[in-house]
Amino acid sequence: MQPSDTTETAAKDLAKAYEFRDVEDKWYQAWLEHKNFRAGMDPERPSYSIVIPPPNVTGVLHVGHALNNTLQDVLIRFRRMQGMNTLWLPGTDHAGIATQNVVERQLAAENTSRHEIGRRAFVERVWKWKEESGGQIIHQLKRLGCSCDWERERFTMDEGLSKAVREVFCRLYDEGLIYRGDYIINWCPRCHTALADLEVEHEPTDGKLYHIRYPLADGSGHLVVATTRPETMLGDTAVAVHPEDERFRDLPEKAVILPLANKKIPIVFDAHVEREFGSGALKVTPAHDLNDFEIGRRHDLPLLKVMDDSGTMNEAAGSYAGLDRFACRKQVVADLEAAGLLEKIEPHQHGVGHCYRCQTVVEPALSKQWFVKVKPLAEEAIRAVEQGETRIHPKSWENTYYSWMRDIRDWCISRQIWWGHQIPAWTCEACGELIVARIDPTSCSKCGANSLHQETDVLDTWFSSALWPFSTLGWPDDTKELAFFYPTSVLVTSFDILFFWVARMMMMGIHFMGRAPFADVYLHALVRDKHGQKMSKSKGNVMDPLVVMDQYGTDALRFTLAAFAAQGRDIRLSEERIEGYRHFINKLWNAARFSLMHIGTCAPPEPDRLEPAALDLPHRWILARLDRTTGEVIAALDNFRYNDAAAALYQFVWREFCDWYLEWIKPELYAEPGPGQEAARTVLFTVLETVLKLLHPFIPFVTEEIWHALPGDRQTIMTEGYPAPRAAWQSEAAEKEAALLMGVITGLRNIRSETGIHPSAEITAIVHCPDQVTEEMVAGHQQAIRALAKVGNLTARVAGERPKGAATYIYNDIVIFVPLEGLVDFDAELAKLDKEKSKTQVLLDKVNAKLSNPKFVDNAPAEVVAGEKEKQETLAAKLGKLDESMKRLAELKG
RNA sequence: GGGCGAUUAACUCAGUGGUUAGAGUGCCACCUUCACACGGUGGAAGUCACAGGUUCGAAUCCCGUAUCGCCCACCA
């Protein structure tokens with residue numbers, strides 16, 4: 001495979017530092033050209049599908065999107081490499097209010113408005129905006145490397161999805177699950193639309209509680225009511241008290257005079273009233289408060305609307321008509337005060353509802369709206385999770401899901417805006433018949449008249465999003481895609497839309513497809529601002545992922561996000577951390593450069609033909625480590641533990657492959673050609689190829705770039721098989737032996753550093769081993785010890801003369817000496833050993849205490865006890881060696 | 001009013017019953033050694049918020065306290 005612009009690809013001599021700028025776009029275009037993202041439908045292979053949480057068509061990529069989509073891309077690339085038919089279905093959401101707001105702002109700038117240009121022109125204008133400026137986030141997702149099947153990109157208002165929406169609406173209506181009625185809903189006076197309960201954000205606000213005297217109608221006194229919204233009193237049609245409240249039992253006449261309006265309203269008895277609150281009397285405004293609405297129903301009270309759709313007082317408010325609700329509040333309070341009817345004003349903290357789109361204070365208002373009766377759907381959705389048809393990760397979210405589903409209230413789905421799916425309902429002007437239909441009717445089905453007018457409301461945006469997992473696959477048609485990819489494998493999303501979206505997809509998916517839409521739901525953390533608030537564009541101090549990608553490269557961002565994914569609820573990306581992982585990318589790059597110098601033009605290795613048993617320790621060791629890492633990465637990804645996978649890979653590449661293995665085999669690589677060198681090259685090549693494949697889902701660009709620099713005819717790494725563990729590569733013996741060798745080398749390096757020996761100076765080392773086997777091991781690896789610790793003269797022996805003037809280091813039961821011919825600072829040496837001794841003693845004491853506790857020995861698993869015994873022996877041996885050495889040093893010191 | 005989460009190194013965070021609690025960045029010392037200074041080697045740094053409990057064994061499980069934060073909810 002070659003990238004499209006073939007200017008400088010096959011260059012095997014790589015730049016000294018990884019230059020992501022040259023690489024990312026090149027490979028992304030190549031993947032697109034080769035259609036590597038296209039979903040296959042091979043019946044022989046399992047399917048793996050994800051539908052993208054569709055970003056708003058108005059959206060701009062923020063860190064939350066970057067996280068969400070990186071996590072999805074990791075899974076999709078991983079499963080694709082594992083050979084599955086992978087579909088990652090992309091698309092955007094029409095985002096009713098948000099998009100309408102954008103275009104309305106444009107119109108305002110042109111000194112016009114949607115009302116002026118009319119509905120048809122407005123909707124056309126939004127479509128035009130969408131075609132020209134919408135969906136820039138799609139380009140940004142490509143920049144992030146997302147391997148979506150772009151040929152299947154959908155939009156919640158495209159033809160197919162609109163058809164699905166209409167079908168669902170009609171079916172639910174026919175089933176009696178959609179109804180229209182007059183209820184108190186949340187009204188946004190700025191957006192001029194109803195909002196669902198979920199779309200109202202309650203913010204604690206320091207308000208005031210006004211205590212107002214309502215004179216009794218017979219003039220014998222007054223009742224005091226308390227309210228936070230005095231302006232609504234103009235709409236009061238009763239005062240309520242608790243039926244068992246002694247204080248109100250003997251009211252002479254069951255009526256009060258509503259101040260300012262000067263009209264008589266009844267006193268009703270209702271158990272909803274809290275006797276302890278305020279004076280125990282509650283003003284009842286059925287048209288502007290949900291509870292009051294319910295009370296009104298129970299007592300057959302009139303509904304009096306005193307406000308219009310913009311939050312302005314209407315004619316029913318008498319002399320207050322025309323005032324904005326907040327201005328009216330001031331005026332009402334002033335007038336009450338003047339009339340001596342204001343008993344007191346208390347500071348009062350309470351939750352005030354705000355529109356989640358524009359933050360305007362929401363007004364509960366009486367209105368005719370469409371609702372979905374969700375209770376029966378919710379019951380099915382609960383069952384699906386209870387029975388494990390859908391698993392939620394992390395599991396702790398299940399309870400949140402259940403409790404919301406159990407207390408669910410009917411869903412208000414109508415919105416009084418213009419951008420969205422217009423409700424397919426018509427009213428006959430002649431006979432008043434309500435017609436709900438899949439195809440626009442031309443005449444009344446009841447009376448035959450053809451004066452029909454369609455409902456002007458549109459549906460809540462989440463109504464169409466709720467159908468996303470099946471509408472995007474062609475439903476209501478019976479498509480191949482639906483059969484193949486539904487239910488989808490996993491939904492990856494952030495927990496803040498668990499109710500808005502996930503819960504509703506569950507309900508709709510089960511109801512219309514008969515099966516829950518996902519096998520797994522993985523909820524990840526939310527990126528918040530520094531105050532712990534949800535991030536919003538209007539606030540500053542928000543990290544822009546596009547800037548990050550420009551600065552550090554996409555792979556660095558992706559790897560960082562994967563490493564961050566463990567966090568429970570909040571993520572705040574730190575730039576330092578991204579920089580740290582850019583260093584990791586560069587490290588990988590340079591390890592590859594180095595490897596390439598030595599691999600030369602080797603034929604690509606055949607891992608199956610590798611015989612580890614015939615190889616030297618470094619090779620056996622690195623293959624064992626690689627195998628372990630492979631197992632860890634796969635297990636981690638199987639369980640959505642991205643951070644574990646990232647950490648395992650980071651650790652392996654940097655700490656084991658680069659720091660130890662490459663240094664270890666350098667002598668062999670630089671030596672004269674021979675079978676040893678041949679083996680080293682082969683293993684090196686194998687490890688590099690394997691690790692690139694393991695890393696590819698996380699950091700696709702740099703891995704692809706290196707992949708193509710390797711010798712051999714190469715297709716994209718994207719479709720290489722993902723590595724799997726190989727029993728033949730496992731070797732605990734090699735891991736143990738290498739650990740011993742590393743201990744000795746580290747000890748020597750420690751001595752060098754502590755005694756100030758120049759890095760380029762060679763030293764003499766004497767290693768005293770506890771037994772013959774150890775001695776042979778150390779002697780057998782003297783080439784490595786010489787190279788890695790800069791040792792000139794190395795002696796390994798079981799016992800023998802302890803050198804006179806020598807720095808000492810004890811590694812378990814091995815004593816390491818570096819003779820320094822009179823240069824040894826005995827006091828410093830003694831102090832060092834003494835410190836080591838006390839540390840060792842503390843550990844040994846702990847182990848001794850454990851092992852002398854019969855309860856531990858009896859109760860702990862055998863392998864834990866055995867482990868402690870081994871530790872005891874090692875520590876005791878070390879302590880013995882430390883004691884000996886200190887005694888010897890004291891003698892030498894004189 | 002319910003529910004949930006967090007509290008671990010200077011900073012940002014991993015670590016959900018069993019080695020001497022880890023990572024990135026930062027810090028100290030030495031090193032421009034032929035892949036990499038976006039580097040190497042060695043090192044310092046933590047009463048795992050506090051107080052109890054369960055257990056042979058607790059950062060990890062349970063109870064409580066404190067601080068911070070989130071979600072849900074019709075006390076005006």
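Side chains are part of it too, since the values below use all heavy atoms of this structure and drop only hydrogens, waters and symmetry mates. The chains referred to below are lettered A, B, ... by the order of the sequence lines, with proteins before strands, and numbering in each begins at 1.
- If you check every strand for non-hydrogen atoms under 4.0 Å, A/K587 touches a base.
- Residue pairs meeting the salt bridge (charged side-chain N to carboxylate O under 4.0 Å, His left out) criterion with at least one member in residues 850-864 of chain A, sequence neighbours excluded: A/K850-A/E868.
- When the P atom of B/C4 is taken as reference, atom CD1 of A/I392 falls 16 Å away, rounded to whole Å.
- The side-chain heavy atoms of A/I267 and A/L223, taken from C-beta on, include a pair separated by under 4.5 Å.
- Using a 4.0 Å heavy-atom distance criterion, A/K666 is classed as a base contact.
- No side-chain N or O of A/D410 forms a donor-acceptor pair with one of A/Y183 less than 3.5 Å apart.
- For A/R406 and A/Y402, the positive end sits near the middle of the six-membered ring, less than 6.0 Å away and at most 45° from its axis.
- Distance A/E836 CD to B/U20 C1': 11 Å, rounded to the nearest Å.
- A gap of 16 Å separates the P atoms of B/G39 and B/A23, to the nearest Å.
- Rounded to whole angstrom, the span from the NZ atom of A/K395 across to the P atom of B/C4 amounts to 15 Å.
- A/K878 has its side chain out of reach of A/Y811: every pair of non-hydrogen atoms, C-beta onward, lies at least 4.5 Å apart.
- A donor-acceptor contact under 3.5 angstrom links the side chains of A/H299 and A/D270, judged on distance only.
- Classified by interplanar angle (parallel below 30°, tilted 30° to 60°, perpendicular above 60°), the ring pair A/H348/A/F277 is perpendicular.
- Taking 4.0 Å as the cut-off between side-chain N and carboxylate O, A/K790 and A/E762 do not count as a salt-bridged pair.
- Side-chain nitrogen and oxygen atoms of A/N586 include none within less than 4.0 Å of the OP1 or OP2 phosphate oxygen of B/C38.
- Here, B/C11 and B/U19 have their P atoms 27 Å apart, quoted to the whole Å.
- In this structure, the OH atom of A/Y18 is 22 Å from the P atom of B/A35, given to the nearest Å.
- Taking atom P on both B/G5 and B/G15, the two are 14 Å apart, rounded to the nearest angstrom.
- For the pairing with A/F584, the ring pair (Phe, Tyr, Trp, His ring centres under 6.0 Å) check across A/Y650, A/Y18, A/F657, A/F698 returns one residue only, A/Y650.
- B/U33 atom C1' lies 12 Å from atom CZ of A/R749, rounded to whole Å.
- Rounded to whole Å, the C1' atom of B/U12 lies 16 Å from the corresponding atom of B/C27.
- When side chains are defined from C-beta on, A/I212 does not count as touching A/E343, because their heavy atoms never get closer than 4.5 Å.
- Under 4.0 angstrom from either OP1 or OP2 of B/G18 there lies no side-chain N or O belonging to A/K850.
- Comparing A/L875 and A/S760, the nucleotide of RNA chain B nearest to each residue sits closer to the 5' end for A/L875.
- Residue A/L498 contributes atom CG, which lies 13 Å from atom C1' of B/C4 at whole-angstrom precision.
- Distance from the side chain of A/N590 is smallest for B/A35 among the nucleotides B/G15, B/A35, B/U19.
- Between the P atom of B/A58 and the NZ atom of A/K846 lies a distance of 11 Å, rounded to the nearest Å.
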Return the polar atom pairs (N/O with N/O) between nucleotides 43-48 of chain B and the protein under 3.5 Å, or none.
| residue | atom | partner | partner atom | Å |
| --- | --- | --- | --- | --- |
| B/G43 | OP1 | A/N750 | ND2 | 3.1 |

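- Contact annotation: the side chain of A/M233 approaches that of A/P259 to within less than 4.5 Å [non-hydrogen atoms, C-beta and beyond].
- The side-chain tip of A/R577 points at the ring of A/F564 from less than 6.0 angstrom away and within 45° of straight on.
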- Do A/E346 and A/K208 pass the salt bridge (charged side-chain N to carboxylate O under 4.0 Å, His left out) test, and can you show the C-alpha distance, the side-chain angles, and the key distance before you say yes or no? CA-CA 6 Å; A/E346 288 176 316; A/K208 293 194 174 74; over 6 Å; no
- Quick one: the dot-bracket string of RNA chain B, using Watson-Crick and G-U wobble pairs with both distances under 3.5 Å, [ ] for crossing pairs and | for bases paired to another strand. ((((((((.[[[[.)..(...]]]].(((((.......))))).....[[.[[..)....]].]])))))))....
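- In the set B/G18, B/U16, B/A35, B/G18 carries the atom at the smallest distance from any side-chain atom of A/P861.
- Side-chain contact between A/H202 and A/V352: absent, with no pair of heavy atoms (C-beta onward) separated by less than 4.5 Å.
- With P as the reference atom, B/G52 and B/U65 are 15 Å apart, rounded to whole Å.
- Look at the C1' atom in both B/U41 and B/U33: the space between them is 11 Å, to the nearest Å.
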Polar atom pairs (N or O), protein with nucleotides 72-76 of chain B, under 3.5 Å:
| residue | atom | partner | partner atom | Å |
| --- | --- | --- | --- | --- |
| B/C74 | OP1 | A/R409 | NH1 | 3.0 |
| B/C74 | O2' | A/N291 | ND2 | 2.4 |
| B/C74 | N1 | A/N291 | OD1 | 3.3 |
| B/C74 | O2 | A/N291 | OD1 | 2.5 |
| B/C74 | O2 | A/N291 | ND2 | 3.4 |
| B/A76 | O2' | A/A226 | O | 3.2 |
| B/A76 | N6 | A/E274 | O | 2.9 |
| B/A76 | N6 | A/F277 | O | 3.1 |
| B/A76 | N1 | A/E274 | N | 3.2 |

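- At the phosphate of B/U55, neither OP1 nor OP2 sits under 4.0 Å from any side-chain N or O atom of A/K855.
- Within the structure, side-chain hydrogen bond (donor to acceptor under 3.5 Å, both in side chains) pairs that include any residue of residues 740-756 of chain A do not occur (at least two apart or interchain).
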- Note on the structure: Under a 4.0 Å heavy-atom criterion, the protein footprint on nucleotides 22-30 of chain B, written with B, S and -, is --SS----S
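- Within 4.0 Å of A/D659, counting heavy atoms only, lie sugar-phosphate atoms of the nucleic acid but no base atom.
- Comparing B/G40 with B/A35, their C1' atoms are spaced 12 Å from each other, to the whole Å.
- Straight-line distance from the CD atom of A/E663 to the P atom of B/U33: 13 Å, rounded to whole Å.
- B/A10 sits 15 Å from B/A44 when the P atoms are compared, rounded to a whole Å.
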- Message: Between A/H598 and A/Y670, is the ring pair (Phe, Tyr, Trp, His ring centres under 6.0 Å) condition met? List the steps.
- Response: CA-CA 9 Å; A/H598 295 282; A/Y670 283 114; 5.0 Å; yes
